[in-house]
Amino acid sequence: MASLLSIQDLTLEFPIYRGSVRALNGVTLRVESREIVGIVGESGSGKSVTAMMVMRLLVEGSYRARGSVTLLGQDVLRASEAAMLELRGSQVAMIFQEPMTALNPTRKVGAQMVEVIRLHRGLSRARARTEAVALLRDMHVADPERILGNYPFELSGGMRQRVLLALAFSCQPKLLIADEPTTALDVTVQRQVLLLMREKAREKNAAILFITHDMAVVSQFCDRVYVMYAGGVVEDGPTAEVMANPRHPYTRGLLGALPDRTGSRGQLEAIQGSVPDLTRLPEGCAFAARCPLVREACRQRPPLVVTDPAGRHRAACWAVQEEVQAP
Amino acid sequence: MNTPPILTLRGLQVRFPAGADWLGRANEHVHALNGVDLDIRPGETLGVVGESGCGKTTLAMVLIGLIKPSSGTLERNGARGGSANMQIVFQDPQSSLDPRLPVWRVIAEPLHVQRRGLSRAELKRAAGAAASQVEIPPDYLGRYPHEFSGGQRQRIAIARALISEPDIILLDEPTSALDISVQAQILNLLNELQRRRGLTYILISHNVSVVRHMSDRVAVMYLGQIVELGTCEEVLQTPRHPYTRLLLESVPRLGVPVAFDAVSSSTELPSNRRLPAGCFFRDRCPLAREGCDRPQALLTAAGEHRVRCHVEAGQP
């Protein structure tokens, strides 16, 4: 069976004055049905823009894309707008980092939920409202009726995100794209929202593409993970395997930089330098300038190569490739 | 510990007027701090951890003098006689650095304000010395803040805090706006500076991992009160207050699976307009019982470990 989502060698450029910003530099990624897949990376690594491309939410004409994105059998880069409208919301749902900006501040939560439910499912107003109550109750909201009568600003961040999750699951989506859904929330609320999201996805047989900068969250919630750096995937594999046995120097650096792994006041293994300028990406490996293992071969871009016998864990690094291929 | 505290807080309360009657008199208040007692010792790092709305930032504003407490006292006993000189590093270096000043002016501004009459050359030299301590190359000093990356901007903010040679630096979420790899660079730098210069840090953060890594002592705040206080190990390894436990359980940990409970438990904070009568955590507390309807005091559990919970403080 074909993958739910398959991205092949996707390159994305935004033209700017005298040049272009290369936001994605050959991303290859897939999501199977019912899978929870994480994309982890720092600011500017291209994780959010990947999600935007899957839904084709970027302003038409503002970018140049090459490669392919296949979502539920649709060729996203070439599909008609009507076909995309068919996918968005009903088959593929998306939730964002800041729930306040995803809700209309001037309308009550109930009116907004009813509108979405009616649009996708053609229910009567009264039936849609009953459905909204049921959806909120599913999200363990204690008194859904009261929430429906509130404006978004009257709700806490966690409650707003639960409203959006309820909406996301209102149409039996096959894929939920969650872009930093808990970054704006406190940890106690974050745990609740993440657990709810996973519970609902399992129950409704939906897959999740989960975008975050937090390695710990990925390790707890995702089946597989893609580590992105400067617009490319540098490592991917089953989460437990990648966390326990990271191969790419960047992934190792990220994990080493976490304060929880180093004893109190110990020197953290900071990655030296900063991310490359996306308007002037180097020809070869994008991480070379910061890499402790840099060598002559790094002038060329390394492909993703399999690093484990099962063939599920891959890294894009010449040094790792050398190590793997050595007898 | 026999060294006198460098900073003493007693019964600090801050409330902001919220509603007003027809004469414009406040008839409702937001209670941001509800009685904070704290001693800050010279040379230590005190971590203050809590979630949004717990009063961390209000506490910082009171400490630095940007907000006057509604009641309570704050006493500074500087090592150099007089009051301890305090500086602050804010969360977002994008908004805390003046975009229209070259970096050397940004860094030298505290000196310029405190000691009027220093020449341009003297200020520039002092800025260069401070910049070299945070590893900003001196030939970058003529540039403007927007020409630097987030991590470098935070280094500039630290240089600005260092230039007036303070005893205490207040770090208000110093790495929340930064990526993990850059966060590590900044935390290393802060530790290094503390070792070299014997600085006292008050580190305010919602990030338990950062607080655990940096702090000697930790205070946990909830709804404007300190609910638990002790050494870093005491509070974060053997937490006593039910809120501290909930907080620590909720922190995502690498490779530690999450328990599939707590989905339906309440995560809503009580209103800070009308404070609960008894223990502030009672509505969410698994240990709630008789006696929790009375206001709780910060009781000694063991040694220096103090907890605002009559149930837990009584346990051996």
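In what follows, every chain begins at residue 1, and chains take the letters A, B, ... in the order their sequences are listed.
Among residues 218-234 of chain B, no residue has any heavy atom closer than 4.5 Å to a heavy atom of chain A. Among residues 189-199 of chain B, the residues having any heavy atom closer than 4.5 Å to a heavy atom of chain A are, in sequence order, B/N191, B/Q194, B/R195.
Under the salt bridge (charged side-chain N to carboxylate O under 4.0 Å, His left out) criterion, A/R146 pairs with A/D143, not counting sequence neighbours. A search for salt bridge (charged side-chain N to carboxylate O under 4.0 Å, His left out) contacts involving A/D236 returns A/R314, not counting sequence neighbours.
Contact tally against chain A (heavy-atom pairs below 4.5 Å) for B/S149, B/G53, B/S209, B/S250: the top residue is B/S250. Ranking A/I271, A/T188, A/L255 against chain B, the residue ahead of the rest is A/T188, based on heavy-atom pairs under 4.5 Å. In terms of heavy-atom pairs under 4.5 angstrom with chain A, the leader among B/R212, B/Q185, B/H206 is B/Q185.
Between A/D260 and B/L254, the closest side-chain pair of non-hydrogen atoms is not below 4.5 Å. Within the 4.5 Å cutoff, side-chain heavy atoms of B/Q183 are placed close to those of A/P259. Put simply, the side chain of B/S181 reaches to within 4.5 Å of the side chain of A/R290, judged on heavy atoms.
With a threshold of 4.5 angstrom between heavy atoms, A/M215 approaches chain B through its backbone and through its side chain. Interface remark: B/N207 contributes no atoms to any contact with chain A (heavy atom separation under 4.5 Å). Only the backbone of B/S215 comes within contact range of chain A, with heavy atoms under 4.5 Å apart. The contact between A/F221 and chain B is made entirely by side chain atoms (from C-beta outward), counting heavy-atom distances below 4.5 Å.
When atom types are taken as modelled, the side chain of B/N188 and the backbone of A/Q267 share no donor-acceptor pair closer than 3.5 angstrom.
Listed here is the closest heavy atom pair of B/P252 and A/Q190: CG-NE2, 3.1 Å. Of all heavy-atom pairs between B/L246 and A/R191, the closest is CD1-NH2, 4.0 Å. The nearest pair of heavy atoms linking A/H213 to B/I180 is O-CD1, 3.3 Å.
Here the straight-line distance linking atom CZ of B/R253 with atom CG of A/L258 works out to 12.0 Å at 0.5 Å rounding.
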